[in-house]
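Working notes, beginning with the structure itself.
Just so you know, these numbers come straight off a predicted model, no measurement behind them. Lettering of chains follows the sequences in order, A, B, ..., and the numbering in each one begins at 1.
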Amino acid sequence: MESQGWCAHFLKRVAGLSRGKKVRTPPSHLIAPCRKLFFPLPYPYLYMHEMPKAYEPQQFEDDTYARWEQSGAFIPENLSDFETREPYTIVVPPPNATGTLHIGHATMLAIEDSLIRYQRMNGKRALWVPGTDHAALATQNKVEKDIFKAEGVTRHDLGRDELLRRIDAFVESKRDRIKFQFRKMGASLDWSREAFTLDAPRSLAVRTVFKKMYDDGLIYRGNRVINWCSRCASTLSDDEVESKTRTATLYFFKYDRAFPITIASTQPETKLGDTAVAVHPSDERYAAFVNKNFTVAFGGVGGAALTLRVIADHAVEKEFGTGALGVTPAHSMVDYQMSLQHDLPLAHIIGEDGRMTEAAGHEYAGLTTNEAREKVVAWLRAERLIEKEEEIEQNVPICSRCDTEIIPLPKLQWFVAVNKKFKFQQSSRHAVVGIAAGAEVTLKETMRHVVATDQISIIPERFGKTYFHWIENLRDWCISRQIWYGHRIPVWYCASCPDPIVSTDEVVVCPTCSGAVAQDPDVLDTWFSSGTWTFSTLGWPNDNGDLATYHPTDVLETGYDILACWVSRMILLTTYALGEVPFRTVYLHGLVRDADGRKMSKSIGNVIDPLDVAPKYGTDAVRLALLLGQTPGNDSRMSEEKIAGFRNFTNKLWNISRYIFSQVVGSGTYQRLITESDLTNAELTTLDKWILSRFAAVARAFSEAIEKFEFSRAGEVLRDFTWNEFADWYLEGAKVEGGKHDVLHYVLQNLLKLWHPYMPFVTEVIWQSAYARGADDFLMVASWPDYGAMALYPEAEREFERAQRVITAVRAMRSDFGVPASAVVPVTVVSPKYAPVLAEQKLVIERLGRCTLLFADAAPDGQLASVIEEGVVAIPRIEAAGSPDAAIRLATERDEVAHYIEAVRAKLSNDEFVGRAPAAVVERERAKLDEAVERLGIIDARLGRGG
RNA sequence: GGACGCUUAGCUCAGUUGGUUAGAGCGCCUCGUUUACACCGAGGAGGUCGUAGGUUCGAACCCUACAGCGUCUACCA
């Protein structure tokens, strides 16, 4: 870094910049905090000859990211010829603005950044939109908790305005953190288009969708039984409800002595609100009572006088309890559904504070449900109405935020009607196929349609089932929340006019009577706003051009755990609002667990924080560890050992480069970019043709795997090539043959390009150290290797593989028989067929096998021999203590071959196999047999000669 | 209760529409001449693909049942 030549080097690069292309100004609506600086930062990279032995990621990463960002290339309009490029869009799933980066985010970023970088290098107008989520309920809870801890006051003490001020301040103080962490991961996001689910453009989108849905009759206000959390004092959507198991006492009893049917309940206090008793339609025990009404005096003095109708309903399980169920429509989701079917009245006996209401009777009003239960049970005991008590396990719904037990209760709420017909409005640009403009459809039908017809494909496919299952069970979506942080419902009520006023703009006075209005106090479910994410981030409803260019987005990449609650909501709202799908492909990654397969959690202390390990092993290593060894939709395990393994790999790539650069005379100058035409056939050896052919094949395999979202396989293919073929064979062979300047640089230059989407930092640093033309010549915007145009040399591949087999055989024998590594052994090869091919590669074989090579018609008697496809490879015995018998290795080989021959012969002598299997398969087996028989012959001849 | 997934080498996992002598990484064992790399190189051991049936000329792969594990989901009061 401190070298003499640094300054001149830097100036040269600055000069390079001035020749660079002009940076386009981003669209005017975009704020551009990352505008390109006129002067680049001091050039941070190294001369080739200054590269340290080991790659030191922390020395380069922050600076590299800053330079990318300042180059403007994250903004697609700054890419060369951007107008003619095909758009490619991903919108990042917005993390909680107040949260911190965890391993799941790191997975998301690694995958999405790889896709974006790959597409950008492939000439796409690649846009990756960043953003954060306000996470209404979670954020408010967190702030409320903090305030209570510090000041002992609740939100009601503070009031709405003050609480919101505090929350905004909290969010403001935290929101830069997650963005900083995204940058740490190398994410090439267009920060000029950053969005927040609660900022002004998104708010407008939310209000606009709300009004449109209201006008279409898809949003309505209704008194319905909803999930109520008395601690949060709010409604919860079905998705925000979890369940836990607990043991409870199941009481078997009658409402009163005169009532003919015994029911069973774990919550006898709710029976104060019963309006029916339900039995199964085929239950003969109770058939006589069905449709009869009974009046019972339940709960003693101050209890309720109940009028109960006996109804028949399939939801009742004959085998459970007594087969008869007391129906409490106001405080049970199931019972509520039944009440709708049978037109039963609701008795609202539990209030929002979790205490019994007056409707439960004056003796009970004000008691908690537990107190009421004790009182009811005491009364039942006194009246001797209890027939039996049983301890059972049951699932109770709890609030996913605070674990408080959910109380279902009726409440006036806003809903989205998912089963109501509306006139479908088509997009003029990317119409949904199969639904005519103006067709009468429901939201549910639309949601099902676009996935069923593959206009949205889900990877892995099996999650389509989860999606359809979720749709089947979807009920009208309760979208109002009784909290203060979030998108306030855009509805105003006039004291003297009956109809609510729905408006995207602030309403000050009633448009009908000019009277005073009050806005609905509730806010929207956070998923309602995140459901608009793909199009609200692209400017809808203000048309700024982005929507036309970048929507529908290409890929939505997220964890499978939010398929139902988020992905499906985006599909719902986008198809409705735009008449377009929000994305073409949904890619679902699995959960990252710890080394023992446990979920990572702070309380267990098994969390691997990507920001802890990234400085230690390098961001590239973390990304590789997340991309390889992981398959879509399946959970994977993460450990520091795994990351360390990939750190080793980044270092390998570093050292491969270091070696190649060391081969250059006059290091410190730029390396020319080598093209196909530089590699003239005449100068290429078999070894060269082999690596070029392999590279072309690997570049294709890697690219095709990425296109198919097979990130792990792609990475493995490339890693194996880089390490096993390029480093271990080609580089070693090149040292022998010498004069490989062009091939070495050609493969390295293209290899760096292939690796760049996965490990952007180390590849860019290497590129900058040797190949960059100027300070703004980034590997990041280099074009993808044109593998289709690369020459293949299948013959050379086979020929070099023969040399490899000979070398491996020599090495194995040396190792088996304890030949000292320092000894150069004379090797005899008997291979009439392949001697010329092997002779051509004599130098490489001799050096890599540490031997001298002699071709003969027969190997000398008594030598150690190995028989390979090419023939016999033999080395002399050495006079060393404990040197095993020469025949042992051959005998082992003979056993294997003989066994194999037996198996193939059996197969080929089976007439049914020969008759029914495809000719090509049979032919392949025959060829295998011939080859094996030939080898066996050679081995036997050799063994017959005693050695 | 329903659905889905998983079960392949000591560990973590691949296995591309049924045809390989079943692979990789880590770990393990042996040996290290060679200044790109010990965050390395060479060689090696290690698996009757959960169990039992079935389909097929042929099954890790398809079907059935069972066992274990996991996830999501649900209205057993």
Side-chain angles (χ1 to χ4, degrees), chain A residues 51 53-55 243 250 263-267 270 278 315-317 319-322 324-328 332-338 392 394-395 460 462-463 465-466 469-470 473 560-561 563-564 590-591 595 597 617 621 628-631 633-639 641-642 644-663 705 708 710 712-713 716 719-720 727-728 731-732 735 807-808 811-816 818-824 847-848 850 896-897 899-900 903-904 907 910-918 920-922 924-925 928 932:
Chain A
M51 292 171 76
K53 271 176 81 160
Y55 172 58
S243 73
L250 182 64
I263 61 160
S265 174
T266 57
Q267 294 171 285
T270 63
V316 180
E317 194 71 47
E319 315 305 326
F320 188 87
T322 62
L325 159 68
V327 181
T328 322
S332 154
M333 287 295 177
V334 201
D335 296 6
Y336 178 64
Q337 294 301 320
M338 276 190 224
I392 60 158
Q394 69 173 169
N395 286 334
R462 65 184 148 88
F463 280 99
K465 283 181 190 167
T466 310
H469 180 253
W470 183 81
N473 294 307
Y560 64 78
D561 50 328
L563 171 66
L591 256 55
Y617 300 104
L628 277 74
Q630 155 269 116
T631 42
N634 290 329
D635 294 354
S636 59
R637 302 185 187 202
M638 186 48 59
S639 62
E641 292 74 39
K642 200 182 219 172
F646 288 105
R647 183 269 321 265
N648 296 353
F649 178 73
T650 58
N651 189 236
K652 188 75 187 181
L653 186 62
W654 179 260
N655 272 291
I656 287 170
S657 311
R658 222 158 65 87
Y659 170 74
I660 292 175
F661 298 160
S662 77
Q663 295 308 100
K708 287 191 278 183
E710 293 174 355
S712 183
R713 211 173 65 89
E716 284 165 30
R719 179 197 53 197
D720 292 349
D728 290 345
L731 253 50
E732 294 309 314
K735 286 177 187 172
I807 294 164
T808 303
R811 285 169 169 173
M813 280 190 289
R814 296 179 62 115
S815 181
D816 270 14
V819 178
S822 55
V824 175
R847 194 80 79 77
L848 301 193
R850 200 154 177 75
E896 283 169 6
V897 176
H899 192 76
Y900 180 62
V904 180
K907 202 186 260 186
N910 180 345
D911 290 341
E912 303 221 64
F913 171 72
V914 178
R916 300 196 189 214
V921 174
V922 178
R924 214 180 311 150
E925 293 297 317
K928 284 194 224 163

Candidate nucleotides B:G43, B:A77, B:C57, ranked by approach to the side chain of A:Arg916 - the nearest
B:C57
Heavy-atom pair of closest approach, residues A:Gly321 and A:Ala264:
CA-CB, 4.1 Å
Any-strand Watson-Crick or G-U partner of B:U64, both distances under 3.5 Å
B:A52
Between B:G19 and B:C76, how many Å separate the two P atoms, rounded to a whole number?
44 Å
With rounding to the closest Å, how many angstrom separate the C1' atoms on B:U55 and B:C62?
8 Å
Return the nucleotide paired to B:A36: Watson-Crick means purine N1 to pyrimidine N3 with N6-O4 or O6-N4, wobble means G-U with N1-O2 and O6-N3, both under 3.5 Å.
none
Looking only at atom C1', what distance separates B:U56 and B:U64, rounded to whole Å?
16 Å
With sugar-phosphate meaning primed atoms plus P, OP1 and OP2, does A:Pro918 contact a base, only sugar-phosphate, or nothing at under 4.0 Å between heavy atoms?
base
Look at all strands and tell whether A:Arg814 reaches a base, only sugar-phosphate, or nothing, counting heavy atoms closer than 4.0 Å.
nothing
Could you walk me through whether A:Phe320 and A:Ile392 pass the side-chain contact (heavy atoms from CB on, under 4.5 Å) check?
CA-CA 11 Å; A:Phe320 188 87; A:Ile392 60 158; 4.2 Å; yes
So, A:Tyr617 and A:Asn651: side-chain donor and acceptor under 3.5 Å apart, yes or no?
no
Using both distances under 3.5 Å as the test, list the Watson-Crick or G-U wobble partner of B:G23, or none.
B:C13
Toward the 5' end of RNA chain B, which comes first, A:Arg637 or A:Lys907, by nearest nucleotide?
A:Arg637
Looking only at atom C1', what distance separates B:C13 and B:G54, rounded to whole Å?
30 Å
Assigned partner base of B:G18, Watson-Crick or wobble definition, under 3.5 Å:
none
Give the nucleotide from the list B:U12, B:G19, B:A77 with an atom nearest to the side chain of A:Val921.
B:G19
Please report the closest heavy-atom contact between A:Met51 and A:Ser657, naming both atoms and the distance.
CE-CB, 4.3 Å
Using heavy-atom distances to pick each residue's nearest nucleotide on RNA chain B, tell me which of A:Gly633 and A:Val316 is more 5'.
A:Gly633
I'd like to check, for A:Tyr900, whether its ring lies over the base of B:U21 with centroids under 5.5 Å apart and a plane angle smaller than 30°.
yes
Within 45 degrees of the axis of the six-membered ring of A:Tyr900 and under 6.0 Å from its centre: does A:Lys928 put its NZ or CZ there?
no
B:U48 to B:G44 separation - C1' atoms, rounded to the nearest Å
23 Å
Minimum-distance nucleotide (side-chain atoms of A:Glu912 versus B:C57, B:U71, B:U20)
B:C57
Could you check which nucleotide pairs with B:U30 in any of the strands shown, counting Watson-Crick or G-U wobble with both distances under 3.5 Å?
B:A42
At under 4.0 Å between heavy atoms, which parts of nucleotides 24-40 of chain B does protein reach? Answer with one letter per nucleotide, 5' to 3': B base, S sugar-phosphate only, - none.
SS-------B--BB-BS
Between B:U20 and B:A14 - C1' atom distance, rounded Å
14 Å
B:G68 to B:G50 separation - C1' atoms, rounded to the nearest Å:
8 Å
Side chain of A:Glu317 only, please: which of B:A77, B:G19, B:G43 is the nearest?
B:A77
Any A:Thr631 side-chain N or O less than 4.0 Å from OP1/OP2 of B:A14:
yes
If pairing means Watson-Crick or G-U wobble with both distances under 3.5 Å, then the partner of B:G47 is none
Please measure how far the C1' atom in B:G2 lies from the corresponding atom in B:C49, and state the result in whole Å.
30 Å
Please give the nucleotide sitting opposite B:G58 as a Watson-Crick or G-U wobble pair, both distances under 3.5 Å, or none.
none
A:Glu716/A:Arg719 salt bridge by N-O under 4.0 Å criterion
no
Using a heavy-atom cut-off of 4.0 Å across all strands, would you classify A:Thr808 as base, sugar-phosphate, or nothing?
sugar-phosphate
Need the pair for B:U71. Rule: Watson-Crick or G-U wobble, both distances under 3.5 Å, any strand; none if unpaired.
B:A3
Aromatic plane relationship, A:Trp654 with A:Tyr55 - under 30° parallel, 30 to 60° tilted, over 60° perpendicular
tilted
